[in-house]
Amino acid sequence: MNKGPAPELAAWLQLNAGFLIGPDRLRRIADCLGLPRIAGASLEELAGAGNMGLPAARRLKGYLSALDPIREWEQAMDLGISLRTWQDSDYPATLRSVPDAPLVLYVWGELDQERPALAVVGSRQPSPYGRRMTRSLVRDAAAHLVIVSGLARGIDTEAHRAALECGGVTWAVLGSGLGRIYPPENSALAHEIAARGGCVLSELPLAAEPLAAHFPLRNRIVAALSWGTVVVEGRDKSGALITARLAGEQGREVFAVPGPADSPLSEAPHRLISQGAKLARSMADIWPELPPAAVMPPSRSSAAERTLAEPHKKILELLGSETRSLEDLGQESGMDLPSLSQAMFEMELQDLVVSAPGQFYAKKSD
């Protein structure tokens, strides 16, 4: 019976507690001092090996002292979490190849690397258009690609759920430890991801809180695991821009979904497009960039839309990506208001549109 982690794994777990110092610097320290010596090294030895000042060495010493690697391993085993160091053969090759690759990955579920992966990220407060575009892209991609995102509210959640709903595989990368699923309302979603062939993963120790400094670190893993990143909505200072920038720096493809010109949520994708990101209106814009192993699936539309009467199809075309008033729809469709109201009611029952206060309507983010 295995009574604890291998000594090398225990040493990497303890050193990984200093992740904020930077994985590459921690690797240099390990190379210089040797893993077994790190826990007992003096401040001067740590500072010299890491080419850093004594204050940084003191912080690192505090991080190392705060984590008991034996207890960390026991808790991971109790939670069904596997541990992979950067030297293990099953550590993702795409992640190992980037600067500051994590020393350790905590993996809950299956990290299957046989299929290429696509990251889908965006606003935490998306519009109905953003939700609909996310689900449309993911539905068309998930049969051939793993969908990667960050389990955040909004677009991330839509991407994970859409992948699961169509039988796909999705990976969620956290900005907290796996012992603290964040946001907490997505705990059930995390369980479902791990139970259905995907995984929830983090480089952070199990008890790490979801601090602001952790999320850019999370974003670099999202980008590195994926051959491309798609940004769906985001404001000018959106975290999705950080993921896109990191993806570009890592040599990955960057895609952006265009949005309404007057929407603040279009600021991030439109900026990316102006900087050279590939415009993505649908997966048809993305498939040509796929690795050879991926095959473009046939185009499809929902069963409900295929059986719609012509007036209803016209209304959906008029709605497009916008939220429109009943009066505007009446003027542009040529339908009288009673007939139009009845049509909108029927389409609500079919889950094709949603209503908003003031007799406004938008396409349903199905």
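Quick note: numbers below take in every heavy atom, side chains included, and nothing from hydrogens, waters or symmetry partners.
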Practice problem: Carefully, step by step, assess Trp108 and Leu79 under the rule side chain to side chain contact (heavy atoms under 4.5 Å, CB included). | Solution: CA-CA 8 Å; Trp108 179 24; Leu79 293 170; over 6 Å; no
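- Of all non-hydrogen atoms in Val231 and Ala244, the two that sit nearest each other are CG2-CB, 4.0 Å.
- Neither Leu265 nor Ile242 shares a network with the other; the hydrophobic side chains, linked directly or stepwise wherever heavy atoms of I, L, V, M, F, W or Y lie under 4.5 Å apart, form separate groups for each.
- Within a 6.0 Å radius of CD in Gln331, more than 12 heavy atoms belonging to other residues, nucleotides or ligands are found.
- Side chain of Tyr91 to backbone of Pro102: a donor-acceptor contact under 3.5 angstrom is found.
- The line from CZ of Phe19 to CG of Leu217 is 7.0 Å long, rounded to the nearest 0.5 Å.
- Residue-environment remark: CD (Glu192) exceeds the threshold of 12 foreign heavy atoms within 6.0 Å.
- Under the 4.5 Å side-chain heavy-atom criterion for grouping Ile, Leu, Val, Met, Phe, Trp and Tyr, Leu352 is connected to Leu326 within one hydrophobic cluster.
- Without hydrogens or angle criteria, Arg96 side chain to Trp86 main chain gives a donor-acceptor distance under 3.5 Å.
- Judged by distance alone, the side chain of Asn16 and the main-chain N or O of Glu203 form a donor-acceptor pair under 3.5 Å.
- Nearest heavy atom pair, residue Ala223 against residue Gln250, reads C-OE1, 3.3 Å.
- The nearest pair of heavy atoms linking Leu60 to Gly18 is CD1-CA, 4.0 Å.
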Exercise. Could you give me the CA-CA distance, side-chain angles and deciding distance for Val120 and Leu137, then say whether side chain to side chain contact (heavy atoms under 4.5 Å, CB included) is met?
Key: CA-CA 9 Å; Val120 180; Leu137 289 165; 5.6 Å; no
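- Taking a 6.0 Å sphere around CG of Asp68, one finds it holds more than 12 heavy atoms contributed by other residues, nucleotides or ligands.
- Taking the side chain as every heavy atom from C-beta outward, Ser226 and Arg252 never approach each other to under 4.5 Å.
- Remark: Gln125 CD is loosely packed, at most 12 non-hydrogen atoms of other residues, nucleotides or ligands lying under 6.0 Å away.
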Practice problem: Evaluate the criterion salt bridge (charged side-chain N to carboxylate O under 4.0 Å, His left out) for residue pair Arg271 and Glu267; output intermediate values, then yes/no. | Solution: CA-CA 6 Å; Arg271 172 190 282 196; Glu267 291 171 353; over 6 Å; no
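- Here the side chain of Ser97 pairs a donor or acceptor atom with the backbone of Thr94 at under 3.5 angstrom.
- With hydrogens and angles ignored, the 3.5 Å screen pairs a side-chain donor or acceptor of Arg180 with a backbone N or O of Ala207.
- For the atom pair SG (Cys199) and CG (Leu111), the distance works out to 4.5 Å, reported to the nearest 0.5 Å.
- A 4.5 Å side-chain heavy-atom check between Ile70 and Pro5 finds at least one atom pair inside the cut-off.
- The main-chain N or O of Gly228 is never found under 3.5 Å from a side-chain atom of Glu253 such that the two would form a donor-acceptor pair.
- Salt bridge Arg27/Asp24: present, at least one basic N to carboxylate O contact under 4.0 Å.
- Between Leu189 and Thr157, some side-chain heavy-atom pair lies under the 4.5 Å cut-off.
- For the residue pair Ser149 and Val222, the shortest heavy atom distance occurs at O-CG2, 4.1 Å.
- For Arg115 against Ala142, the heavy-atom pair with the smallest separation is NH1-O, 3.4 Å.
- Annotation for Arg28 and Gly50: closest pair NH2-O, 4.4 Å, computed over non-hydrogen atoms.
- Considering only heavy atoms from C-beta on, Leu204 comes within 4.5 Å of His214 through its side chain.
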Quiz item: side chain to side chain contact (heavy atoms under 4.5 Å, CB included) between Arg84 and Leu201: does it pass, once the steps are laid out?
Solution: CA-CA 11 Å; Arg84 305 184 187 189; Leu201 66 150; over 6 Å; no
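- Counting heavy atoms from C-beta on, the side chains of Arg135 and Arg161 come closer than 4.5 Å.
- Checking side-chain atoms of Glu289 against main-chain N and O of Val254 turns up no donor-acceptor pair under 3.5 Å.
- Hydrophobic clustering (side-chain heavy atoms under 4.5 Å, transitive across Ile, Leu, Val, Met, Phe, Trp, Tyr) groups Leu206 together with Leu64.
- Leu279 and Val121 are assigned to two separate hydrophobic clusters, defined by single-linkage of ILVMFWY side chains at heavy-atom distances under 4.5 Å.
- A cation-pi arrangement is present between Arg153 and Tyr182, with the terminal nitrogen or guanidinium carbon under 6.0 Å from the aromatic centre and inside a 45° cone about the axis.
- Cluster membership check: Leu319 shares its hydrophobic cluster with Met335, using side-chain heavy-atom separations under 4.5 Å among Ile, Leu, Val, Met, Phe, Trp and Tyr.
- Within the 4.5 Å cutoff, side-chain heavy atoms of Leu329 are placed close to those of Leu340.
- How far NE2 of His160 is from CD of Glu165: 13.0 Å, rounded to the nearest 0.5 Å.
- In this structure, CD1 on Ile155 lies 10.0 Å from CE on Met133, to the nearest 0.5 angstrom.
- The shortest side-chain heavy-atom distance between Val146 and Trp227 does not fall under the 4.5 Å cut-off.
- Residues Pro258 and Arg281 form a side-chain contact, since some pair of their non-hydrogen atoms from C-beta on lies under 4.5 Å apart.
- Looking at Glu317 and Lys313, no side-chain N of the basic residue comes within less than 4.0 Å of a carboxylate O on the acidic one, giving no salt bridge.
- Using a distance-only test at 3.5 Å, with no hydrogens or angles considered, a donor-acceptor pair links the side chain of Asp156 to the main chain of Gly150.
- For Lys363 (side chain) and Thr323 (main-chain N/O), no donor-acceptor pair under 3.5 Å exists by modelled atom type.
- Atoms OG1 and CG, from Thr229 and Leu246 in turn, are 9.0 Å apart once rounded to the nearest 0.5 Å.
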Quiz prompt | Leu151 vs Ile193, side chain to side chain contact (heavy atoms under 4.5 Å, CB included): CA-CA, chis, key distance, verdict | solution = CA-CA 10 Å; Leu151 202 73; Ile193 289 169; 4.0 Å; yes
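- Of the possible donor and acceptor atoms, none in the side chain of Glu72 sits under 3.5 Å from a partner among the backbone N and O of Leu67.
- For the atom pair Lys278 NZ and Ile286 CD1, the distance stands at 10.5 Å (nearest 0.5 Å).
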